[in-house]
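Encoded as structure tokens, the structure appears first; notes follow it.
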Protein chains: 2
Amino acid sequence: MEPVDYKQQAYDQLNQDAEKILQLIKVQMDNLTMPQCPLYEEVLDTQMYGLGKEVEFAAKIGLIDREFGKTLLSGLEKELSKLHDAFTNV
Amino acid sequence: MEPVDYKQQAYDQLNQDAEKILQLIKVQMDNLTMPQCPLYEEVLDTQMYGLGKEVEFAAKIGLIDREFGKTLLSGLEKELSKLHDAFTNV
């Protein structure tokens, strides 16, 4: 039996979780929940906080590079900000 | 070189993180931040949410048993509720 590659699984799972947040926000926008709405900000903050905790945990136990974590989070923030701009400029 | 035991590290890290939340709440109480304060509730909710995300992540990639995760979270909730009661009954 191959040993489980926890590192690879950690990277895959974090990428998936980041993608899920992006999808969630897209769905919110498609349903015309305005980005000015405080609830939108709160949902987003909570989701980003949760992903940050996962990244921190994975980095602490040595499954991922801290650099990957930073890049994942800042990349997601950029995507979300692009979405936000696209939505508010319609 | 011994292979890194990611499972053991995951268990240790989660236990540490749960302990940290307990300590944080104790410090808040020692400093007389009232448990009735909405900020207290918010800090606690945020911390529990973060730990829940770590647990979920570790379980998804197969590092920990789901049962351990549930026991950790419910055990912490019980400890916190005991602290809360002790504080409000002074």
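No experiment lies behind these values; they were computed from the predicted model shown. A, B, ... follow the sequence lines: proteins, then strands. Residue 1 opens every chain.
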(message) If I take atom CZ from residue B/Phe57 and atom CG from residue A/Leu51, how far apart are they, to the nearest 0.5 angstrom?
(response) 9.5 Å

Kindly list each side-chain donor-acceptor pair under 3.5 angstrom involving residues 3-10 of chain A, sequence neighbours excluded, with atom names and distances?
from: A/Asp5; atom 1: OD1; to: A/Lys7; atom 2: N; distance (Å): 3.3
from: A/Asp5; atom 1: OD1; to: A/Gln8; atom 2: N; distance (Å): 3.2
from: A/Gln8; atom 1: NE2; to: A/Asp12; atom 2: OD1; distance (Å): 3.0

(message) Can you confirm whether more than 12 heavy atoms, excluding those of A/Gln23, are under 6.0 Å from its CD atom?
(response) yes

(request) Tell me, for A/Gln16 versus chain B, whether the close heavy atoms (under 4.5 Å) come from the side chain, the backbone, both or neither. (result) neither

(request) Identify the two heavy atoms, one from B/Tyr49 and one from A/Gly50, that lie closest to each other, and give their separation to 0.1 Å. (result) CE2-CA, 3.8 Å

(message) So, taking the atom named CD in A/Gln13 and the one named CD in B/Glu56, what distance separates them when rounded to the nearest 0.5 Å?
(response) 8.5 Å

(request) First locate atom CG of B/Asp45, then atom OG1 of A/Thr46, and finally report the distance between them rounded to the nearest 0.5 Å. (result) 10.0 Å

(message) For a 4.5 angstrom cut-off between non-hydrogen side-chain atoms, does A/Asp17 reach B/Lys60?
(response) yes

